[in-house]
Amino acid sequence: AQSVTQLDSHVSVSEGTPVLLRCNYSSSYSPSLFWYVQHPNKGLQLLLKYTSAATLVKGINGFEAEFKKSETSFHLTKPSAHMSDAAEYFCVVTPISGGYNKLIFGAGTRLAVHP
Amino acid sequence: NAGVTQTPKFQVLKTGQSMTLQCAQDMNHEYMSWYRQDPGMGLRLIHYSVGAGITDQGEVPNGYNVSRSTTEDFPLRLLSAAPSQTSVYFCAATSQGEPEAFFGQGTRLTVV
(Lines give C-alpha, C1' and ligand atoms only; values in the text may rest on other atoms or scores of the structure.)
Protein backbone atom coordinates (compact mmCIF):
# COMPACT_ATOMS: atom_id res chain seq x y z
CA ALA A 1 0.00 0.00 0.00
CA GLN A 2 1.08 3.54 -0.62
CA SER A 3 0.55 6.67 1.41
CA VAL A 4 1.81 10.21 1.70
CA THR A 5 2.17 12.34 4.83
CA GLN A 6 2.67 16.06 4.58
CA LEU A 7 4.05 16.99 7.94
CA ASP A 8 2.74 20.56 8.08
CA SER A 9 -0.79 21.64 7.21
CA HIS A 10 0.22 25.33 7.25
CA VAL A 11 3.59 27.03 6.71
CA SER A 12 4.13 30.77 6.98
CA VAL A 13 7.28 32.53 5.75
CA SER A 14 8.41 36.06 5.02
CA GLU A 15 9.09 37.13 1.47
CA GLY A 16 12.73 36.48 0.57
CA THR A 17 13.24 33.72 3.16
CA PRO A 18 13.64 30.00 2.40
CA VAL A 19 10.69 27.66 2.00
CA LEU A 20 10.63 24.06 3.26
CA LEU A 21 7.54 21.88 2.79
CA ARG A 22 7.97 18.40 4.21
CA CYS A 23 6.69 15.15 2.72
CA ASN A 24 7.19 11.53 3.78
CA TYR A 25 5.92 8.62 1.74
CA SER A 26 5.28 4.93 2.14
CA SER A 27 5.40 2.66 -0.88
CA SER A 28 5.77 -1.06 -1.50
CA TYR A 29 6.93 -0.36 -5.04
CA SER A 30 9.52 1.91 -6.57
CA PRO A 31 7.60 5.15 -6.44
CA SER A 32 7.23 8.15 -8.64
CA LEU A 33 6.85 11.29 -6.57
CA PHE A 34 5.44 14.65 -7.51
CA TRP A 35 4.72 18.07 -6.11
CA TYR A 36 1.65 19.89 -7.40
CA VAL A 37 0.62 23.46 -6.60
CA GLN A 38 -2.92 24.82 -6.46
CA HIS A 39 -3.53 28.54 -6.38
CA PRO A 40 -6.85 29.73 -4.93
CA ASN A 41 -9.83 28.61 -6.99
CA LYS A 42 -7.55 27.16 -9.65
CA GLY A 43 -6.67 23.72 -10.93
CA LEU A 44 -3.48 21.82 -10.15
CA GLN A 45 -0.13 22.51 -11.77
CA LEU A 46 2.86 20.18 -11.72
CA LEU A 47 5.86 21.72 -9.98
CA LEU A 48 8.30 18.84 -10.33
CA LYS A 49 8.55 15.06 -10.56
CA TYR A 50 10.87 12.25 -9.51
CA THR A 51 10.80 9.05 -11.58
CA SER A 52 13.94 7.12 -10.51
CA ALA A 53 16.47 9.30 -12.28
CA ALA A 54 18.43 12.03 -10.46
CA THR A 55 17.52 12.26 -6.78
CA LEU A 56 17.69 16.07 -6.76
CA VAL A 57 14.89 17.32 -8.92
CA LYS A 58 14.49 20.88 -10.14
CA GLY A 59 11.09 22.25 -10.99
CA ILE A 60 9.45 25.42 -12.11
CA ASN A 61 9.62 28.78 -10.34
CA GLY A 62 12.85 27.95 -8.48
CA PHE A 63 11.49 24.98 -6.53
CA GLU A 64 13.43 21.78 -6.05
CA ALA A 65 13.04 18.54 -4.11
CA GLU A 66 15.36 15.76 -3.04
CA PHE A 67 14.35 12.10 -3.02
CA LYS A 68 15.86 10.38 0.02
CA LYS A 69 15.06 6.69 -0.01
CA SER A 70 16.68 6.01 3.38
CA GLU A 71 14.43 8.63 5.00
CA THR A 72 11.41 7.98 2.71
CA SER A 73 11.20 11.73 2.22
CA PHE A 74 10.66 14.10 -0.68
CA HIS A 75 10.80 17.58 0.81
CA LEU A 76 10.15 20.66 -1.34
CA THR A 77 12.42 23.69 -1.01
CA LYS A 78 12.93 27.12 -2.48
CA PRO A 79 15.76 29.46 -1.49
CA SER A 80 13.73 32.66 -1.50
CA ALA A 81 9.95 32.91 -1.21
CA HIS A 82 7.94 35.24 -3.40
CA MET A 83 4.47 36.58 -2.71
CA SER A 84 3.18 34.67 -5.73
CA ASP A 85 4.22 31.38 -4.08
CA ALA A 86 1.29 31.61 -1.67
CA ALA A 87 -0.82 28.56 -2.53
CA GLU A 88 -1.59 25.01 -1.46
CA TYR A 89 0.99 22.36 -2.23
CA PHE A 90 0.38 18.65 -2.60
CA CYS A 91 2.90 15.83 -2.41
CA VAL A 92 1.81 12.90 -4.56
CA VAL A 93 3.01 9.30 -4.97
CA THR A 94 2.25 6.65 -7.54
CA PRO A 95 3.95 3.36 -8.40
CA ILE A 96 6.19 3.47 -11.45
CA SER A 97 4.73 0.19 -12.68
CA GLY A 98 1.15 0.10 -13.89
CA GLY A 99 0.94 3.56 -15.33
CA TYR A 100 0.38 6.88 -13.65
CA ASN A 101 -3.38 6.90 -13.40
CA LYS A 102 -3.72 6.26 -9.66
CA LEU A 103 -2.26 9.18 -7.77
CA ILE A 104 -2.13 9.17 -3.96
CA PHE A 105 -2.26 12.71 -2.57
CA GLY A 106 -1.08 14.07 0.72
CA ALA A 107 -3.49 16.27 2.67
CA GLY A 108 -1.78 19.42 1.44
CA THR A 109 0.29 22.23 2.92
CA ARG A 110 -0.98 25.77 2.70
CA LEU A 111 1.90 28.20 2.25
CA ALA A 112 1.44 31.80 3.33
CA VAL A 113 4.02 34.42 2.33
CA HIS A 114 4.15 37.68 4.27
CA PRO A 115 5.75 40.94 3.11
CA ASN B 1 -4.64 23.68 -26.83
CA ALA B 2 -7.52 22.91 -24.42
CA GLY B 3 -6.03 19.93 -22.54
CA VAL B 4 -8.67 18.71 -20.07
CA THR B 5 -12.03 20.47 -20.01
CA GLN B 6 -14.61 20.05 -17.26
CA THR B 7 -18.19 21.26 -17.31
CA PRO B 8 -19.95 22.74 -15.48
CA LYS B 9 -17.66 24.84 -13.27
CA PHE B 10 -20.30 25.26 -10.57
CA GLN B 11 -23.44 23.30 -9.73
CA VAL B 12 -25.99 23.26 -6.94
CA LEU B 13 -28.15 20.16 -6.55
CA LYS B 14 -30.94 19.16 -4.24
CA THR B 15 -30.61 15.92 -2.31
CA GLY B 16 -31.76 13.03 -4.47
CA GLN B 17 -31.22 14.75 -7.81
CA SER B 18 -28.99 13.22 -10.43
CA MET B 19 -26.46 14.83 -12.68
CA THR B 20 -23.44 14.16 -14.86
CA LEU B 21 -20.12 15.95 -14.61
CA GLN B 22 -18.47 16.12 -18.00
CA CYS B 23 -14.78 15.66 -18.71
CA ALA B 24 -13.15 15.80 -22.13
CA GLN B 25 -9.50 15.69 -23.18
CA ASP B 26 -7.87 16.40 -26.51
CA MET B 27 -4.43 14.95 -25.76
CA ASN B 28 -5.20 11.35 -26.74
CA HIS B 29 -4.09 10.14 -23.30
CA GLU B 30 -5.04 6.57 -22.42
CA TYR B 31 -5.76 7.11 -18.74
CA MET B 32 -8.43 9.29 -17.20
CA SER B 33 -9.39 9.67 -13.57
CA TRP B 34 -11.85 11.47 -11.31
CA TYR B 35 -10.86 12.88 -7.93
CA ARG B 36 -12.72 14.75 -5.26
CA GLN B 37 -11.08 17.39 -3.11
CA ASP B 38 -12.23 18.01 0.44
CA PRO B 39 -10.62 20.35 3.00
CA GLY B 40 -7.71 18.74 4.85
CA MET B 41 -7.89 15.53 2.81
CA GLY B 42 -6.09 16.32 -0.41
CA LEU B 43 -7.56 14.68 -3.52
CA ARG B 44 -9.02 11.20 -3.38
CA LEU B 45 -9.50 8.92 -6.36
CA ILE B 46 -13.13 8.09 -7.20
CA HIS B 47 -12.91 6.10 -10.45
CA TYR B 48 -10.38 5.69 -13.18
CA SER B 49 -10.09 4.32 -16.70
CA VAL B 50 -7.12 2.84 -18.53
CA GLY B 51 -8.79 3.03 -21.93
CA ALA B 52 -12.09 3.07 -23.79
CA GLY B 53 -14.46 0.49 -22.35
CA ILE B 54 -12.36 -0.12 -19.21
CA THR B 55 -13.10 1.46 -15.84
CA ASP B 56 -12.32 0.60 -12.23
CA GLN B 57 -13.00 1.88 -8.74
CA GLY B 58 -10.71 4.09 -6.76
CA GLU B 59 -10.63 4.89 -3.06
CA VAL B 60 -14.10 6.50 -2.74
CA PRO B 61 -16.38 5.10 -5.49
CA ASN B 62 -19.69 4.84 -3.62
CA GLY B 63 -22.47 6.99 -5.07
CA TYR B 64 -20.70 7.54 -8.39
CA ASN B 65 -20.78 5.82 -11.77
CA VAL B 66 -18.52 6.24 -14.77
CA SER B 67 -18.23 5.00 -18.32
CA ARG B 68 -15.61 5.43 -21.04
CA SER B 69 -17.05 4.97 -24.51
CA THR B 70 -14.36 7.03 -26.23
CA THR B 71 -10.76 7.99 -25.48
CA GLU B 72 -11.76 11.64 -25.21
CA ASP B 73 -14.66 11.57 -22.75
CA PHE B 74 -15.01 10.33 -19.17
CA PRO B 75 -18.26 11.48 -17.54
CA LEU B 76 -18.96 11.08 -13.84
CA ARG B 77 -22.56 10.39 -12.83
CA LEU B 78 -24.21 11.02 -9.51
CA LEU B 79 -27.40 8.96 -9.48
CA SER B 80 -28.89 10.34 -6.25
CA ALA B 81 -26.96 13.26 -4.82
CA ALA B 82 -26.28 13.44 -1.10
CA PRO B 83 -24.89 16.33 0.99
CA SER B 84 -21.75 14.22 1.61
CA GLN B 85 -20.99 14.61 -2.10
CA THR B 86 -20.52 18.35 -1.73
CA SER B 87 -16.95 18.77 -2.93
CA VAL B 88 -14.71 20.01 -5.70
CA TYR B 89 -14.27 17.44 -8.45
CA PHE B 90 -11.23 17.18 -10.69
CA CYS B 91 -10.76 15.15 -13.82
CA ALA B 92 -7.25 14.17 -14.90
CA ALA B 93 -5.65 12.63 -17.97
CA THR B 94 -2.33 10.81 -18.04
CA SER B 95 -0.39 8.81 -20.56
CA GLN B 96 1.34 5.50 -19.99
CA GLY B 97 5.03 6.22 -19.68
CA GLU B 98 4.55 9.95 -19.06
CA PRO B 99 4.13 10.71 -15.37
CA GLU B 100 2.59 14.17 -15.53
CA ALA B 101 -1.15 14.23 -14.91
CA PHE B 102 -3.09 17.02 -16.58
CA PHE B 103 -6.02 18.30 -14.55
CA GLY B 104 -9.16 20.12 -15.51
CA GLN B 105 -10.12 23.33 -13.73
CA GLY B 106 -12.54 21.56 -11.43
CA THR B 107 -16.28 21.47 -10.77
CA ARG B 108 -17.52 22.89 -7.48
CA LEU B 109 -20.62 20.90 -6.49
CA THR B 110 -22.92 21.77 -3.61
CA VAL B 111 -25.70 19.40 -2.56
CA VAL B 112 -28.36 20.96 -0.35
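Every chain is numbered from 1 and lettered A, B, ... according to where its sequence line falls, protein lines coming before strand lines. Being a predicted model, the structure only gives us computed values, none of them experimental.
When each of B/Gln105, B/Gln6, B/Glu59 is checked for heavy-atom pairs under 4.5 Å with chain A, B/Gln105 comes out on top.
The side-chain contact (heavy atoms from CB on, under 4.5 Å) with B/Trp34 is formed by just one residue from the set B/Tyr89, B/Tyr64, B/Tyr48; it is B/Tyr89.
Neither the backbone nor the side chain of A/Gln6 comes within less than 4.5 Å of any heavy atom in chain B. Heavy atoms of B/Leu45 lying under 4.5 Å from chain A belong exclusively to its side chain.
Side chains of B/Ser95 and B/Glu30: a donor on one and an acceptor on the other come within 3.5 Å.
Salt-bridge check for B/Asp38 with B/Arg44: passed, with a basic side-chain N closer than 4.0 Å to an acidic carboxylate O.
Annotation: cation-pi geometry satisfied between A/Lys78 and A/Phe63 (NZ/CZ under 6.0 angstrom from ring centroid, within 45° of ring axis).
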